[in-house]
Amino acid sequence: MSTQISPEARPREEWTGQVGFILSAIGSAVGLGNIWRFPGVAYENGGGAFLVPYLIALITAGVPILYLDYAIGHRFRGSAPLAMRRISRWFETLGWYQVAICLAIAVYYTAVIAWALSFFWYSFDLRWGDDTTTFFLVDYLQVADVGGADPWFTLDFVPAVLIPLVLVWVVAIIVLSAGVARGVQRVNLLFMPLLLVAFGVLVVRSLFLPGATDGLNALFTPNWAALGDADVWIAAYGQIFFSLSIAFGIMITYASYRRRRGNLTSPGLVVAFANSGFELFAGIGVFAALGFLAGQEGVAFGELEGITGPILSFVTFPALVSQMPAGALFGALFFGSLVMAGFTSLVSILQVVSAAFQEKLSISRRQAAFGIGGVAGVISVLGFSTTTGLIALDTLDNWANNVGIVSAAVAMCVLVIWVARRGRELRFHLNSVSTLQVGGWWTFFVGVLAPLVLGWMLVSRIQTLLVEGYEGYATWYLGVVGWGAIAAFVVFAVVLTLTPWRSPVDVYAPWPRYDRSHTPPARGGKEGAA
């Protein structure tokens, strides 16, 4: 008769050290949004003045929620569903809801990385030509005219997207199957320095282009009146929230691989400020280059279009590098940077899914990587390598981020701090293992301020989507792909919660031992080691 071994009885995978943990966490946080989202958001929300609410949001929401993720994952030593279950049996569903969000993001995020990989190759001969919009939408993606002659969903595959998409999935599955230290960590140890060097070269070159000053002035000239606009503050909190990879399972999972006595708060600050530093760095490079483009086209900077999102990367930037001296080189650097930034974020998203199924089904990391990764890869290819892939991607991305992730964050803060009343215990844990102590301010930020701001964002966004729709897409389509995705997340979470665990997981004693008479120790590690 065989017996099942509980997850805590098996040797748990660990990062090899603090550097590996920090670089992997930075690799997750630094993604495509740092390059194509932050500069445009800052420009549209007060320019240099935007940095004020941005930094306040980082300190009052970004870092505190990051610490909450770290504390949950590190103390309860599990994937998002297991860690949440160990807080309260009823919270496991929230953990699986976070896993569902990660799975959905992974299936479309890989498509964007595939686009960047294709454009990296196209950079060497500037294949996009003079009309970059037509090249991206018509020649490359072959976007269907939905609502017209073409249906909203097709199986008309686009080989230029299909081939790199399959390649990205193959590499991602191999990395996951290699494990945390030999797979995920090694990728980040390689790609993070390469990303910094490649993008650094691009930024320095952009600063010396004619017109670069115009772009920087557009980005950093402050519009102080914007600080009186509530939407600007919401944009700042949204940027921090979406950029740091918080509140949907990634940092819970990553922290669970940290050694028992591993410092949490100081590395958390390093990750948070490194992420924001890279956003600012990217903004300088992107807007210096856009200033050059405005000069080349003979228009004022404010007349430029496509300065944020995928259009910035795959339409505006190709047009820009075509006019730069040695444009092929700098195009390769830019799209190579997108591939590296995207891939390190992708493996962190997939690790959330892999870890959850490993623990729930008591399977090996290779079984999880090839089984779950294979299924996700097939869904990704069917949904996003076709002529209707762009529309599906755009819709699913909007709902997964603005409804899925934000609702998960609000639920986690409220359930953990107010329903389970674990704020004091988690603060105790942070202070027991860390040198940099957190005070009562932390509980206030994660228990009061963060859910209020994020709840406001969530309600406002849902109201807008219900009243105005999205991008002019058909209402029924948004119901199926957008709201249908949220419904699918909930069903997925309930079904996986009801699925029996194949090994015992409820007999677990968190370390260091805590009772409610404890107060957080004055110095990191001393009380916890006692």
Side-chain angles (χ1 to χ4, degrees), residues 1-15 68-100 179-181 249-262 264 351-368 372 411-412 415-433 492-518 520-521 525 527-530:
M1 181 177 68
S2 63
T3 58
Q4 297 285 356
I5 302 175
S6 63
E8 65 270 17
R10 296 192 298 264
R12 185 167 187 80
E13 292 188 89
E14 292 182 343
W15 309 109
L68 177 63
D69 277 349
Y70 281 3
I72 291 172
H74 193 251
R75 182 162 185 80
F76 297 103
R77 310 296 289 175
S79 62
L82 180 56
M84 295 304 297
R85 180 186 177 90
R86 284 172 170 169
I87 294 176
S88 171
R89 182 185 296 265
W90 305 104
F91 294 177
E92 181 185 339
T93 303
L94 175 59
W96 284 111
Y97 182 72
Q98 293 175 326
V99 171
V180 170
I250 294 176
M251 294 305 176
I252 290 177
T253 304
Y254 269 23
S256 75
Y257 300 124
R258 190 84 166 100
R259 292 175 181 174
R260 285 281 194 183
R261 296 178 183 271
L264 296 177
Q351 185 62 36
V352 174
V353 183
S354 176
F357 278 97
Q358 286 178 54
E359 293 169 351
K360 184 75 173 186
L361 304 179
S362 195
I363 58 178
S364 69
R365 64 172 181 263
R366 287 188 173 84
Q367 289 175 311
I372 307 303
M412 185 173 72
L415 290 177
V416 172
I417 302 300
W418 293 107
V419 178
R421 304 190 70 81
R422 294 296 189 107
R424 187 181 178 88
E425 178 183 351
L426 293 174
R427 179 185 161 207
F428 160 81
H429 184 85
L430 289 170
N431 288 339
S432 294
V433 300
F492 176 93
V494 172
V495 170
L496 266 295
T497 301
L498 296 176
T499 301
W501 289 81
R502 293 189 179 178
S503 58
V505 295
D506 292 326
V507 180
Y508 176 77
W511 181 93
R513 186 177 61 84
Y514 171 81
D515 63 59
R516 295 188 182 277
S517 64
H518 275 140
E527 183 172 340

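Owing to the predicted nature of the structure, the values given are computational and were not obtained by experimental measurement.
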Between [Y] and [X], is there a side-chain heavy-atom distance shorter than 4.5 Å?
| X | Y | value |
| --- | --- | --- |
| I72 | R422 | no |
| R365 | V180 | no |
| K360 | V99 | no |
| V419 | F91 | yes |
| Y514 | L426 | no |
| W96 | V495 | no |
| L496 | E92 | no |
| R75 | P512 | yes |

* Asked: Do you know which of H74, E13, R77, Q351 makes side-chain hydrogen bond (donor to acceptor under 3.5 Å, both in side chains) with Y257?
  -> Q351
* **Partner of E14 under salt bridge (Lys or Arg N to Asp or Glu O under 4.0 Å), chosen from R260, R258, R259** => R259
Looking only at heavy atoms, which two atoms of [X] and [Y] are closest? And how far apart?
| X | Y | result |
| --- | --- | --- |
| A368 | Q358 | CB-CG, 3.6 Å |
| R513 | F428 | O-CZ, 3.5 Å |
| I417 | G423 | CD1-CA, 3.6 Å |
| E359 | S503 | O-OG, 4.2 Å |
| T497 | A493 | OG1-O, 2.6 Å |

Quick one: [atom1] on [X] to [atom2] on [Y], what's the gap to the nearest 0.5 Å?
| X | Y | atom1 | atom2 | result |
| --- | --- | --- | --- | --- |
| S354 | Q367 | OG | CD | 10.5 Å |
| T93 | L415 | OG1 | CG | 10.0 Å |
| I252 | M84 | CD1 | CE | 6.0 Å |

* Please answer whether the main-chain N or O of Y254 pairs with a side-chain N or O of W15 as donor and acceptor at a distance below 3.5 Å. => yes
* Asked: Looking at F76, is R86 sitting on its ring face, NZ or CZ under 6.0 Å from the six-membered ring centre and within 45 degrees of the normal?
  -> no
